[in-house]
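Take a look at the structure below.
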Amino acid sequence: MDLKGFDQPGGRAAGDTRSVKVMIAGGFGTGKTTMVRSVSDIKPLTTEETLTQASVDVDHLIGVADKTQTTVSLDFGKIGINESLVLYLFGTPGQERFWFLWNGLFKGALGAIVLVDTRRLESSFRAIEEMERQDVPFVVALNVFPDSRNYPVEEIRDALDIPEHTPVVAFDARDRASSRDVLVALIHHLKQRSAVALEPR
């Protein structure tokens, strides 16, 4: 992938490699931990805990009744896109009771992926609102579950009130290549935004 013109701020890793912080956000049970696990070049750090009876009235399992674990802090992984770009992935917790952690996690993030379960669009409203509030460029990734309906992208865009310039892509969080393609789409989106910002007024 050509990174010419990709001049957004980012740290430098070993040699001439640029390191970039990327957030993986979305609602409860949308596949954030699965994505980090599938795409990371290293064994990811996860903070999943077993859902217990004590959380029944707190964590709403509508649409994800089979879910037995939940992220209580963050997920962390790393992937090299090519020889010159490494992405550090930070997955956010999805439940409302852990949203207070988001502000700290977003510091220094260059961009984000917002995971969406098309069976439960409302579960990712908060993540999208947070991207817009913090002015973090993002890509909407529709995680395809076995019983998901195949909605036209424009219907999803309208339902989520996503602007035209924000990419919306379908993918499978369990598949490494599919998850990597979403990250590459984010990098292209960031490059495009950077190029537009540099255009003479």
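Side chains are part of it too, since the values below use all heavy atoms of this structure and drop only hydrogens, waters and symmetry mates.
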Original post:
Where do Arg180 and Asp41 land on the salt bridge (charged side-chain N to carboxylate O under 4.0 Å, His left out) test, with the steps shown first?
Top reply: CA-CA 11 Å; Arg180 186 181 184 278; Asp41 290 336; over 6 Å; no

For residues [X] and [Y], report the shortest heavy-atom separation together with the two atoms involved.
X: Met131; Y: Ala25; value: CE-CB, 3.6 Å
X: Thr118; Y: Ser148; value: OG1-CB, 3.7 Å
X: Ala112; Y: Leu186; value: O-CD1, 3.6 Å
X: Phe171; Y: Ala141; value: CE2-CB, 3.5 Å

**OP:** Look at atom CG of Asp161 and say whether more than 12 heavy atoms of other residues, nucleotides or ligands are closer to it than 6.0 Å.
**Re:**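 Counting neighbours around CG of Asp161, 12 or fewer heavy atoms of other residues, nucleotides or ligands fall under 6.0 Å, so no.
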
**OP:** For the pair Asn143 and Thr30, evaluate side chain to side chain contact (heavy atoms under 4.5 Å, CB included) and give the outcome as yes or no after the intermediate values.
**Re:** CA-CA 7 Å; Asn143 191 8; Thr30 53; 5.8 Å; no

About how many Å separate [atom2] of [Y] and [atom1] of [X], when rounded to the nearest 0.5 Å?
X: Ile113; Y: Thr92; atom1: CD1; atom2: OG1; result: 12.0 Å
X: Asp175; Y: Thr34; atom1: CG; atom2: OG1; result: 12.5 Å
X: Ile156; Y: Asn150; atom1: CD1; atom2: CG; result: 9.0 Å
X: Phe90; Y: Lys32; atom1: CZ; atom2: NZ; result: 16.0 Å
X: Leu183; Y: Ile24; atom1: CG; atom2: CD1; result: 5.5 Å
X: Lys107; Y: Met23; atom1: NZ; atom2: CE; result: 12.5 Å

Is there a continuous path of hydrophobic side-chain contacts, each under 4.5 Å between heavy atoms, that joins [X] to [Y]?
X: Val136; Y: Val140; value: yes
X: Phe145; Y: Val114; value: no
X: Val39; Y: Ile81; value: yes
X: Ile162; Y: Val144; value: no

When you measure from the side chain of [X] to the backbone of [Y], do you find a donor-acceptor pair of N or O atoms at a distance under 3.5 Å?
X: Ser40; Y: Lys78; value: yes
X: Ser178; Y: Asp172; value: yes
X: Ser38; Y: Ala173; value: yes
X: Arg157; Y: Pro163; value: yes

Subject >> Arg126/Glu129 under salt bridge (charged side-chain N to carboxylate O under 4.0 Å, His left out): CA gap, chis, key distance, verdict >> reply: CA-CA 5 Å; Arg126 172 67 165 76; Glu129 290 171 359; 5.4 Å; no

**OP:** Compare all side-chain heavy atoms of Ile79 with those of Arg176 and state whether any distance is below 4.5 angstrom.
**Re:**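 Yes - at least one pair of side-chain heavy atoms lies under 4.5 Å apart.
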
**OP:** For side chain to side chain contact (heavy atoms under 4.5 Å, CB included), just list the numbers for Phe138 and His189, CA-CA rounded to whole Å, side-chain angles, deciding distance to a tenth of an Å, and then say yes or no.
**Re:** CA-CA 8 Å; Phe138 66 98; His189 180 49; over 6 Å; no

Original post:
Where do Thr33 and Asp75 land on the side chain to side chain donor-acceptor pair (under 3.5 Å) test, with the steps shown first?
Top reply: CA-CA 6 Å; Thr33 300; Asp75 298 317; 2.5 Å; yes

Subject >> Audit row: Ser124, Leu160, side chain to side chain contact (heavy atoms under 4.5 Å, CB included) steps and yes/no >> reply: CA-CA 9 Å; Ser124 291; Leu160 294 173; 5.5 Å; no

